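What follows is a set of notes on a single structure, which appears directly below.
Chain identifiers are assigned alphabetically (A, B, ...) following the order of the sequence lines, protein sequences preceding nucleic acid strands; residue numbering begins at 1 within each chain. It should be emphasised that the depicted structure is a prediction, and the values quoted were computed from it without experimental measurement.
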Amino acid sequence: MKHYVKMSKLYAPTLKEDPAEAELASHRLLLRAGMIRKTAAGLYSYLPLAWRSLRKIEAVIREEMEAIGAQEVQVPMVVPAELWQESGRWDAYGAELLRLRDRHERDFVIGPTHEETFVDLIKNELRSYRQLPVTLYQIQDKFRDEMRPRFGLMRGREFIMKDAYSFDATVEGMHESYEQEKAAYARICERCGLRALPVVADSGQIGGDTSVEFMALADAGEAELVWCDCDWAADVEAAQVGIAWEEGPGTDCERVETPCEGTIAALAAFMGVSERACRKSFSLIAEDGTPVLCLLPGDHELNEVKAEHAFGHYEVMDEEQMKEYGLVKGYMGPVGCDERVRVVADVSLRDSTSWLVGANEAGWHIMGARPGRDFTVDEWLDLASAKEGDACPVCGRPLKAARGIEVSQVFQLGTKYSEAMGATFMDEDGVERPFQMGCYGIGVSRTLAAVVEQSHDEQGIIWPVCVAPFEVEVVPLDVKGEVWEAASRLAGELAERGVEVVIDDRTERPGVKFNDADLMGFPYQVICGKRGIKGGVAEVKERASGERAEVALEQLADYLSERVIAERR
RNA sequence: CGGGACGUGGCUCAGCUUGGUAGAGCGCUCGGUUCGGGACCGAGAGGUCGCUGGUUCAAAUCCAGUCGUCCCGACCA
């Protein structure tokens, strides 16, 4: 016999006003609906409602992982420093890694991710290619000492993550494991009710070559992405796209006086050309100390992640440094540039022969400059940030811009960790080889926040059935007499049919109950009022659409349970 | 870590400029009237004004330091 839960006993303290600390919808509403509370910056406690939703998301993940043959395990959150020293990340990971020392003065980290632990776990046990492939996963709290935790569950320091690691004998095998996991991730997003897109991504701290992020589309998202009708999409950090440019005016490398502000917009206006006919110059000092002048299409920005790949931890040149290399802020250009300066240009400009660039003299530009004739481009690199209107690299149509919340990411690691940590198996030809690995993460708590971000209104959260803390709330407007009797009977009948029900048995006024119900956002409300009950009906309100229907009491449990169960996916 | 702001009953905030009895609304407790979209009346409980030090006869208020929190930037599920 299944039970229903009484609101009067539910630990879900709702807030009438927006908490001062919360800005984002998901943060605000999760706090107001009594689902989470802050324990410290970036550290949140999950109250019963949030925990119920999280367990549902986890259940979906477990089903999809089982379906592709991944096995669930659990490793310690605390990891001995030696493992991280072996992989090299003890030094490379930086301040985000929380380090601690035990009473014997031994160093540990709290795992922000667990490549090392999993490699260590399998390396002495998986010895033969015959045992492969193997994919292991866990669902566990992770800790990353973020510079700036924010937005509640969106970027906490401690967060719930599902992390999986695949071990294959061959690169082809790794690709297969990766594709399986990626497909499972798409299903997981879909089943959790998220509108999400797989996008080409940069692989960041985790490393490896190929990586895809699943982005839940939301204006509040921290990531910028571009996407195409043909289904191709990429994080702007990683997007390699087609950029349309125009030739500048003239062809003879002439100096031209430009008494306007030193910006591309002003230059374009003064010259009567479009911004894309100009060339933007950006100067920096690469990690190795080399001064670099980057040339970009005038209407595009230098992408910092791409620049990091090209130049390491670079610095933007200050005026002092510019002066040293004869560069003039606002009027920089490659023509007659100091020979110590390495000139690089965005690959998109490779075929352009007439460049409008700065003359390295305030108030002057050069038009019709031609690479190879008037200046040298030392290297052509992908440096520009993709933006709306650039061409899709697959089909060539113009891209659209959007923002997204990165809920999960899959990586092809290759042998990065297995090699560093000496994790090998015996191949069929009798040769020891490092494992081909993939790793796959889902931000479980972030997924919850993303659902709220995508699904709410002025009144509160609108839970999709699949992740709702409860599926139905019964709202009796009277907690005694025939209204209460009918309502509690309905709650019992729904519970017996396997529906998750909460009944608002508080002696509150109707308005309070309605507002809380909308705030907590359970998919269906069954409103029992005196008039209806006398007439043998109750009102079923769908939270998402606001639609109300009067349903006969004796049919209500069947009607609603069928509907709810059909929507579970 | 750089820039900005804020710390006053459980929550949202006023008071601080110009030092002198710690306030309001909501919430909570008790009594009554209400009862289909955050009711009303009456009576209560509840605060070392983040912390430390300084100035002063006197500090929530002025000064210094410190801790915490939030927002904007560079990192990431």
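Counting to the nearest Å, the P atom of B/A77 and the NZ atom of A/K162 are 13 Å from each other. Rounded to whole Å, atom P of B/A77 lies 17 Å from atom CE of A/M77. For A/I57 and B/A77, the CD1 to C1' distance is 13 Å, given to the nearest whole Å. The interatomic distance linking A/D145 (CG) with B/A74 (P) rounds to 19 Å, in whole Å. The nearest whole Å value for the distance from the CD atom in A/E23 to the P atom in B/U12 is 14 Å. Atom pair A/I110:CD1 and B/C76:P shows a separation of 20 Å (rounding to whole Å applied). Atom C1' of nucleotide B/U12 and atom CZ of A/R28 are separated by 15 Å, given to the nearest angstrom. One interatomic measurement links the two molecules: CZ of A/F143 to P of B/A77, which rounds to 16 Å at whole-angstrom precision.
In this model, no side-chain donor or acceptor of A/R144 finds a partner on the base of B/C76 within 3.5 Å.
With sequence neighbours left out, A/R446 forms a side-chain hydrogen bond (donor to acceptor under 3.5 Å, both in side chains) with no residue at all. With sequence neighbours excluded, the residues that form a side-chain hydrogen bond (donor to acceptor under 3.5 Å, both in side chains) with A/D107 are A/R101. Under the ring pair (Phe, Tyr, Trp, His ring centres under 6.0 Å) criterion, A/Y46 pairs with A/W51, sequence neighbours left out.
Using a 4.0 Å heavy-atom distance criterion, A/P19 is classed as a sugar-phosphate-only contact. Within the nucleic acid shown, A/G152 has no heavy atom closer than 4.0 Å to any nucleic acid atom. Counting non-hydrogen atoms under 4.0 angstrom, A/F151 reaches the backbone sugars and phosphates but no base. Looking at heavy-atom distances under 4.0 Å, A/E146 makes contact with a base. Residue A/E17 is classed as a base contact, given a heavy-atom separation below 4.0 Å to a base.
Remark: the separation of the C1' atoms in B/G10 and B/C1 is 35 Å, to the nearest Å. Look at the C1' atom in both B/A24 and B/G15: the space between them is 11 Å, to the nearest Å. Nucleotides B/G25 and B/U8, compared at atom C1', are 15 Å apart to the nearest Å. Separation of the P atoms belonging to B/G42 and B/G27 is 15 Å when rounded to the nearest angstrom. Taking atom P on both nucleotides, B/U69 is separated from B/A77 by 24 Å, rounded to a whole Å. Rounded to whole Å, the separation between the P atoms of B/U52 and B/A5 comes to 25 Å. B/G9 and B/C26 have their C1' atoms separated by 12 Å, given to the nearest Å. One P atom belongs to B/G7, the other to B/C13, and the distance between them is 9 Å to the nearest Å.
Within the structure, salt bridge (Lys or Arg N to Asp or Glu O under 4.0 Å) pairs that include any residue of residues 403-412 of chain A do not occur (at least two apart or interchain). Among residue pairs with one or both ends in residues 505-556 of chain A, those qualifying as ring pair (Phe, Tyr, Trp, His ring centres under 6.0 Å) are A/F470-A/F522; sequence neighbours excluded.
Annotation: A/E319, atom CD; neighbour count of heavy atoms from other residues, nucleotides and ligands within 6.0 Å does not exceed 12. Under a cut-off of 6.0 angstrom, the local environment of NZ in A/K329 is sparse, with at most 12 non-hydrogen atoms contributed by other residues, nucleotides or ligands.
Using a 4.0 Å cut-off between a side-chain N of Lys or Arg and a carboxylate O of Asp or Glu, A/D457 and A/R543 qualify as a salt bridge. We find that A/D518 and A/K541 are joined by a salt bridge, their nearest charged nitrogen and carboxylate oxygen being less than 4.0 Å apart.
Of all nucleotides listed (B/U69, B/C13, B/C75), B/C75 comes nearest to the side chain of A/E222. Checking B/C71, B/C70, B/U69 against the side-chain heavy atoms of A/R150 singles out B/C71 as nearest. Considering only side-chain atoms of A/M161, the nucleotide from B/A77, B/C71, B/C76 that sits closest is B/A77.
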Distance-only check: which donor-acceptor pairs under 3.5 Å involve side-chain atoms of residues 479-489 of chain A, not counting sequence neighbours?
{"unit_1": "A/E482", "atom_1": "OE2", "unit_2": "A/K534", "atom_2": "NZ", "d": "2.8"}
{"unit_1": "A/S488", "atom_1": "OG", "unit_2": "A/W484", "atom_2": "O", "d": "2.9"}
{"unit_1": "A/S488", "atom_1": "OG", "unit_2": "A/E485", "atom_2": "O", "d": "3.3"}

Would you give me the side-chain donor-acceptor pairs under 3.5 Å for residues 179-199 of chain A, sequence neighbours excluded?
{"unit_1": "A/E181", "atom_1": "OE2", "unit_2": "A/K162", "atom_2": "NZ", "d": "2.9"}
{"unit_1": "A/Y185", "atom_1": "OH", "unit_2": "A/K162", "atom_2": "NZ", "d": "2.7"}
{"unit_1": "A/Y185", "atom_1": "OH", "unit_2": "A/Y440", "atom_2": "O", "d": "3.1"}
{"unit_1": "A/Y185", "atom_1": "OH", "unit_2": "A/G441", "atom_2": "N", "d": "3.2"}
{"unit_1": "A/R187", "atom_1": "NE", "unit_2": "A/E64", "atom_2": "OE1", "d": "2.7"}
{"unit_1": "A/R187", "atom_1": "NH2", "unit_2": "A/E64", "atom_2": "OE1", "d": "3.4"}
{"unit_1": "A/E190", "atom_1": "OE2", "unit_2": "A/R569", "atom_2": "NH1", "d": "3.1"}
{"unit_1": "A/R191", "atom_1": "NH1", "unit_2": "A/E63", "atom_2": "OE1", "d": "3.2"}
{"unit_1": "A/R191", "atom_1": "NH1", "unit_2": "A/E64", "atom_2": "OE2", "d": "2.9"}
{"unit_1": "A/R191", "atom_1": "NH2", "unit_2": "A/E63", "atom_2": "OE1", "d": "2.9"}

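When both pairing distances are held under 3.5 Å, B/G47 makes no Watson-Crick or G-U pair with any nucleotide shown. For B/C16, there is no paired base (Watson-Crick or G-U wobble, both distances below 3.5 Å). Base pairing analysis places B/G42 opposite B/C30; the two distances defining the Watson-Crick or G-U wobble pair are each below 3.5 Å. With both pairing distances under 3.5 Å, B/C1 is matched to B/G73 as a Watson-Crick or G-U wobble pair. Pairing for B/C6 goes to B/G68, judged as Watson-Crick or G-U wobble with the two contacts each under 3.5 Å. With a 3.5 Å ceiling on both atom-pair distances, B/A58 lacks any Watson-Crick or G-U wobble partner.
Taking the centre of each ring, A/H300 and A/F282 stay at or above the 6.0 Å mark.
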Next on the checklist: How would you summarise protein contacts on nucleotides 32-42 of chain B per nucleotide, using B for base, S for sugar-phosphate only and - for none, with heavy-atom distances below 4.0 Å?
Outcome noted: --BSBBBB---

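Summary of the strand contacts: A/I442 and A/A22 both lie near RNA chain B, and taking for each the nucleotide with the nearest heavy atom, the more 5' one is attributed to A/A22. Between A/P149 and A/E304, the residue anchored closer to the 5' end of RNA chain B is A/P149, taking for each the nucleotide with the nearest heavy atom.
The stretch residues 448-456 of chain A has no heavy atom under 4.0 angstrom from RNA chain B at all.
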